[in-house]
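Taking it in order: structure first as structure tokens, then the write-up.
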Amino acid sequence: MNYDEISQLRLVCKRMDVVCQRMLNQGFLRVERYHNLCQKQVKAQLPRRESERRNHSLARHADILAAVETRLSLLNMTFMKYVDSNLCCFIPGKVIDEIYRVLRYVNSTRAPQRAHEVLQELRDISSMAMEYFDEKIVPILKKKLPGSEVSGRLMGSPPVPGPSTALSTMQLFSKQSPSRQEVTKLQQQVKANGAGMTVLRREVSELRTKVQEQQKQLQDQDQKLLEQTQIIGEQNVRLTELEHKLRDVVESAVGSSTGEGQRVDSPRKRKKVIEGMDCPRKSKRLRSRK
């Protein structure tokens, strides 16, 4: 059976309720261990440089596992305080099933989808479970906490001093103080959240620098385009001037060639006319000689 069915079987009887509570608590601890194991395997395969991690094939795997880690820390902070004090169990078994589904999907696929697409169902279920727990169940459990009894006694009539009352107050205060395991868990969560925040800040700063560099490149390209358009306009003006000059040269060359042809033909015609005038004179001379 899955953990959702186990959480529903708590209604059968008290004995079944105790068994199912123990199994749900163990299931949450096991899914945390399984997540840590998956995260270690992925981090071992990723490069150390953050710039190389983005282009790596396991980048999406790491993003999904980091998001699951944040969800697990939130669930731990909301539920495990009351679970460690034996007031309740980890109630939402469907959340455990969904976390297992996401982790198995990450391990089985080489190219998973984006983090927000994979974790949409987990975010919805876990947020609804935490809201319902804080609104409906926490007010009932706070009345059962040992600290509430101490506060009620302090606010009400003072008890009669005696050895039994002194021992009972000491026991209550010892129960109220957190254990070392809880403190270490909280410290680990704070460290993990701090490391995640530093990584996100570095990524944001790198993205900002990249955006600034791209803006500078765009400005340089715009300036180059303006310069090239100006050069092209100047070249067009020069080409038009050269075309006008070529037309003038061609027209002048054509006019000069026609004038020279007329000049060459005029002396030839003069020679022919002179020869025609001299022909009768030559004939008279020849007759007189005969």
Side-chain angles (χ1 to χ4, degrees), residues 1-41 64-108 118-150 152 171-172 174-189 192-193:
M1 291 189 296
N2 55 20
Y3 287 97
D4 188 14
E5 295 174 353
I6 292 169
S7 64
Q8 292 175 5
L9 288 174
R10 290 177 59 199
L11 300 171
V12 175
C13 62
K14 290 183 178 180
R15 178 65 179 168
M16 186 68 77
D17 185 17
V18 173
V19 174
C20 293
Q21 284 184 7
R22 186 173 67 249
M23 291 180 73
L24 288 168
N25 294 333
Q26 290 176 358
F28 184 73
L29 296 174
R30 285 175 183 173
V31 78
E32 279 187 336
R33 292 171 188 168
Y34 185 55
H35 171 263
N36 291 328
L37 193 144
C38 295
Q39 200 167 19
K40 285 180 182 178
Q41 290 177 356
I64 293 167
L65 291 173
V68 172
E69 185 180 3
T70 56
R71 282 283 141 185
L72 286 170
S73 63
L74 291 171
L75 291 166
N76 197 346
M77 290 171 68
T78 53
F79 287 97
M80 298 309 289
K81 175 183 176 182
Y82 302 97
V83 172
D84 292 334
S85 59
N86 294 323
L87 293 174
C88 70
C89 67
F90 188 82
I91 298 167
K94 194 173 182 179
V95 175
I96 300 172
D97 294 330
E98 186 64 23
I99 294 168
Y100 268 118
R101 186 191 70 79
V102 172
L103 295 175
R104 286 164 185 162
Y105 172 76
V106 170
N107 286 330
S108 61
V118 177
L119 298 170
Q120 186 175 2
E121 186 70 18
L122 177 60
R123 286 173 180 169
D124 294 337
I125 294 169
S126 60
S127 61
M128 286 191 291
M130 288 187 285
E131 287 175 2
Y132 183 81
F133 185 76
D134 290 331
E135 291 176 1
K136 300 293 177 69
I137 301 171
V138 169
I140 299 168
L141 296 178
K142 281 183 178 179
K143 295 177 182 179
K144 297 180 181 180
L145 281 170
S148 62
E149 295 177 1
V150 173
Q171 287 174 358
L172 289 172
S174 65
K175 287 181 181 178
Q176 189 179 4
S177 62
S179 62
R180 290 182 180 178
Q181 293 180 356
E182 292 178 355
V183 172
T184 53
K185 283 182 181 179
L186 290 172
Q187 288 177 355
Q188 289 176 359
Q189 288 176 4
N193 291 328

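Side chains included, hydrogens not; waters and symmetry mates left out as well; all remaining heavy atoms used. Nothing fancy with the numbering, it's 1 onward along the sequence.
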Spatial distance of atom CG (Asn36) from atom CD (Glu69) [nearest 0.5 Å]: 7.5 Å
Can you tell me how far the CG atom of Leu24 sits from the CG atom of Leu29, to the nearest 0.5 Å? 11.0 Å
What heavy-atom pair brings Asn193 and Ser73 nearest, and what distance separates the two atoms? OD1-OG, 4.4 Å
Without swapping roles, check the side chain of His35 against the backbone of Leu103 for a donor-acceptor pair under 3.5 Å. no
Nearest 0.5 angstrom please: Asp84 CG to Phe79 CZ, how far? 13.5 Å
dist Leu75:CG -> Ile99:CD1 (nearest 0.5 Å) comes out at 5.5 Å
Closest approach of Val83 to Cys89 (non-hydrogen atoms, all atoms of both residues): CG2-C, 3.6 Å
Atom pair CD (Glu98) and CZ (Arg123), whose distance is rounded to the nearest 0.5 Å: 12.0 Å
Within a 6.0 Å radius of atom CE on Met80, are there more than 12 heavy atoms belonging to other residues, nucleotides or ligands? yes
If you take the centroid of each ring, where Trp contributes its six-membered ring, are Tyr3 and Phe90 closer together than 6.0 Å? no
Does the Asp97 side chain pair with the main chain of Asp4, one donor and one acceptor, at a distance under 3.5 Å? yes
Is any side-chain heavy atom of Gln41 closer than 4.5 Å to a side-chain heavy atom of Leu37? yes
Please report the C-alpha distance between Met130 and Arg71 in whole Å, then the side-chain angles of each, then the deciding distance to 0.1 Å, and finally whether the side chain to side chain contact (heavy atoms under 4.5 Å, CB included) criterion is met. CA-CA 11 Å; Met130 288 187 285; Arg71 282 283 141 185; 3.8 Å; yes
Exceeds 12 heavy-atom contacts within 6.0 angstrom, atom OH of Tyr105: yes
On a heavy-atom basis, which atom in Met23 and which in Ile6 lie closest, and how many Å separate them? CE-CD1, 3.7 Å
Val118 versus Val102, closest heavy-atom pair with distance: CG1-CG1, 4.0 Å
If the condition is side-chain hydrogen bond (donor to acceptor under 3.5 Å, both in side chains), which residues does Glu121 pass it with, not counting sequence neighbours? none
Any side-chain heavy-atom pair of Val95 and Phe28 under 4.5 Å: no
Can you tell if the side chain of Ile137 reaches within under 4.5 Å of the side chain of Ile91, non-hydrogen atoms only? yes
Under 3.5 Å, is there a donor on one side chain and an acceptor on the other for Gln21 and Asn25? no
Heavy-atom closest pair (Ile64 atom, Leu119 atom, distance to 0.1 Å) is O-CD1, 4.0 Å
Would the distance check show the side chain of Asn76 and the main-chain N or O of Leu72 forming a donor-acceptor pair, the cut-off being under 3.5 Å? no
Can you tell me how far SG of Cys38 sits from CG of Asn107, rounded to the nearest 0.5 angstrom? 4.0 Å
Starting from the C-alpha separation in whole Å, work towards a yes-or-no answer on side chain to side chain contact (heavy atoms under 4.5 Å, CB included) for Phe133 and Leu141. CA-CA 10 Å; Phe133 185 76; Leu141 296 178; 3.8 Å; yes
